[in-house]
Amino acid sequence: TVTVDLTVIDLPPGEIGYGFYTDHHRFPDLAREPDYDRDMAAHGMTTLTPYAREVPFVPTVDSRDSAQTLAWHIDTAIETGLCDARFPLLCLAIEPKDIQRAKTLARHPWPELIGYNYDEPGLEKGVEVASYADAWHAVGARTGTAIDGNYARVIGAPLDVWVVHCDSMSDETDAAAIAAGKERWVYNCALRGSNAALHRYWTGVYTWSQSPRVCLTWTYTHDPQSRIRPDGTWDLRRVYDTSTCGRNGEPVPTVALEGLQEGIIDSRLLQ
């Protein structure tokens, strides 16, 4: 007889939002977006980056209308348990004039919507970043973007949210963000769908120690052709993929996604 004493810990909700850059056009099967959303949620994700791009498989949505497509992506994420309303949504592929109209189409209460600025801007983009920030602020929306921490300290003043790449996180960037009243997020676009331990460290000890508002990973699926094909043959390209799909399009997690899930549990336990 072996007797084991178990201590069961009921973890509190995480204070950090976890999610992927979710450009749904990279999904292996566009029509299975709700299944992919549920898979992300099942692996601990609590937010996403909705891209206002076409959903031609939904007859009730005009795929030419970015407000309608954004609303469908957000409502679907809420209905599948992926979207925690405590964390703002960084919205891509939509212009300021359309983001407010999208809110009028919501079927559920939404989190705050943040307008995406120029992606990963260099120092030469400072004027454009400021101009685009003015356009977002004019419609009452905050704005943010993925940016190198060193660049954020130089051209990031017009941005409300600094989504800092992990390799440029520093005490100097932290101090600058705090002094300027910026909301600080972190992202990583250098991982592959392998090495579970590294992925666990990324969402776990590392992110917990940095204490961002949101942690984003590029990306859930990177190439729609990277998958198990309908005929059963494998064509996994292993470039930024943290998930793939089976022959019928159903989600198939990699060890990387399982590592991310374990890291999220670690961060909640450390919290």
Side-chain angles (χ1 to χ4, degrees), residues 9-53 55 57-58 69-92 106-114 163 185-188 191 193 196 199-200 202-204 207-208 212-222 224 227 240-246 248-271:
I9 300 173
D10 186 12
L11 293 177
E15 294 174 355
I16 299 170
Y18 284 95
F20 290 104
Y21 275 92
T22 42
D23 183 348
H24 72 286
H25 276 206
R26 298 176 183 273
F27 291 161
D29 184 343
L30 287 179
R32 298 197 72 149
E33 180 170 338
D35 294 331
Y36 302 139
D37 284 0
R38 276 187 285 268
D39 185 52
M40 291 181 232
H43 286 89
M45 304 301 156
T46 51
T47 191
L48 70 155
T49 60
Y51 285 68
R53 291 180 176 162
V55 282
F57 50 90
V58 183
T69 56
L70 184 72
W72 185 87
H73 290 300
I74 295 174
D75 282 329
T76 298
I78 292 171
E79 291 162 3
T80 54
L82 176 58
C83 184
D84 185 326
R86 293 176 300 149
F87 304 111
L89 296 179
L90 195 60
C91 301
L92 293 89
R107 298 194 305 269
H108 308 283
W110 282 4
E112 176 194 2
L113 303 188
I114 295 176
V163 188
W185 298 14
V186 65
Y187 80 108
N188 192 327
L191 297 173
H199 284 75
R200 180 174 183 171
W202 157 238
T203 54
T207 296
W208 170 80
R213 178 64 173 150
V214 172
C215 169
L216 296 172
T217 302
W218 181 277
T219 182
Y220 180 70
T221 53
H222 177 75
R227 57 170 297 170
Y240 302 115
D241 287 329
T242 19
S243 188
T244 185
C245 75
N248 297 314
E250 71 279 10
V252 175
T254 66
V255 294
L257 186 55
E258 293 170 354
L260 293 179
Q261 179 185 26
E262 291 174 344
I264 293 169
I265 293 171
D266 290 344
S267 74
R268 291 173 62 191
L269 182 60
L270 289 164
Q271 171 190 311

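This is a predicted model, so every value here is computed, not measured.
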For Arg227 against Pro28, the heavy-atom pair lying closest together: NH1-O, 3.9 Å

Compare every heavy atom of Pro212 with every heavy atom of Val186, then report the nearest pair and how far apart it is. CG1-CG, 3.5 Å

Kindly indicate whether the side chain of Asn188, heavy atoms from C-beta on, has any atom under 4.5 Å from the side chain of Trp218. no

Interatomic spacing from CZ in Arg200 to OG in Ser267 - rounded to 0.5 Å: 11.0 Å

Rounded to the nearest 0.5 angstrom, the CG-OG1 distance for Leu260 and Thr207 is 9.5 Å

Is there a side-chain contact between Trp202 and Leu191 in this structure, where contact means two heavy atoms from C-beta onward sitting under 4.5 Å apart? yes

Side chains of Gln261 and Ile264, heavy atoms from C-beta outward: is any pair under 4.5 Å? no

Could you check, using the six-membered ring where one of them is a Trp, whether Trp72 and Phe57 have ring centers closer than 6.0 angstrom? yes

Please check this pair: side chain of Asp241 against backbone of His222, looking for a donor-acceptor N/O pair closer than 3.5 Å. yes

Can a salt bridge be assigned to the pair Glu15 and Arg86 using a cut-off of 4.0 Å between side-chain N and carboxylate O? no

Side chains of Thr217 and Tyr187: does their closest heavy-atom pair fall under 4.5 Å? no

Under the criterion side chain to side chain contact (heavy atoms under 4.5 Å, CB included), I'd like the reasoning laid out for Val163 against Leu90: C-alpha separation, chi angles, the key distance, then a yes or no. CA-CA 10 Å; Val163 188; Leu90 195 60; 4.1 Å; yes

Ignoring hydrogens, what is the shortest heavy-atom contact between Leu257 and Met45? Give both atom names and the distance. CD1-CE, 4.4 Å

Which heavy-atom pair separates Gly263 from Thr203 by the least distance, and what is that distance? CA-OG1, 3.2 Å

Does the side chain to side chain contact (heavy atoms under 4.5 Å, CB included) test come out yes or no for Leu89 and Trp110, once each step is laid out? CA-CA 9 Å; Leu89 296 179; Trp110 282 4; 5.9 Å; no

Report yes if the side chains of Glu79 and Pro34 come closer than 4.5 Å at any heavy-atom pair, otherwise no. no

Atom pair CZ (Arg107) and CD1 (Ile78), whose distance is rounded to the nearest 0.5 Å: 9.0 Å

Please report the interatomic distance CD1(Ile16) to CG(Leu270), rounded to the nearest 0.5 Å. 9.5 Å

Measure up the His73 and His24 rings against each other and bin them: parallel (under 30°), tilted (30 to 60°), perpendicular (over 60°). tilted

When rounded to the nearest 0.5 angstrom, what is the spacing between CD1 in Ile74 and OG1 in Thr69? 9.5 Å

With side chain to side chain contact (heavy atoms under 4.5 Å, CB included) as the criterion, how do Asp37 and Thr76 come out once you've worked through the C-alpha distance, each side chain's angles and the decisive distance to 0.1 Å? CA-CA 8 Å; Asp37 284 0; Thr76 298; 3.7 Å; yes

Would you confirm whether Thr46, through its side chain, and Tyr18, through its main-chain N or O, come within 3.5 Å as a donor-acceptor pair? yes

Donor-acceptor check, side chain of Arg32 to backbone of Asn248, threshold 3.5 angstrom: yes or no? yes

Contact check, side chains of Cys91 and Pro50, non-hydrogen atoms, under 4.5 Å: yes

Do Tyr51 and Leu70 have side-chain heavy atoms sitting under 4.5 Å apart? no

Gap between atom CD1 of Ile114 and atom OG1 of Thr49 - 0.5 Å precision: 12.0 Å

Given Phe20, which partner from the list Thr242, Thr221, Thr47, Leu216 fulfils the side-chain contact (heavy atoms from CB on, under 4.5 Å) test? Thr242

Taking all heavy atoms of Trp208 and all of Gln271, pick out the closest pair and write down the distance. NE1-N, 3.7 Å

Please tell me if the side chains of Cys245 and Glu250 come closer than 4.5 Å, counting only heavy atoms from C-beta onward. no

Report the C-alpha separation of Met40 and Leu48 in whole Å, then their side-chain angles, then the decisive distance to 0.1 Å, and conclude whether the side chain to side chain contact (heavy atoms under 4.5 Å, CB included) test is met. CA-CA 9 Å; Met40 291 181 232; Leu48 70 155; 5.7 Å; no

Classify the ring geometry between Tyr36 and Tyr220 as parallel (under 30°), tilted (30 to 60°) or perpendicular (over 60°). tilted

Do you know the tightest heavy-atom contact between Asp84 and Pro111? O-CG, 4.2 Å

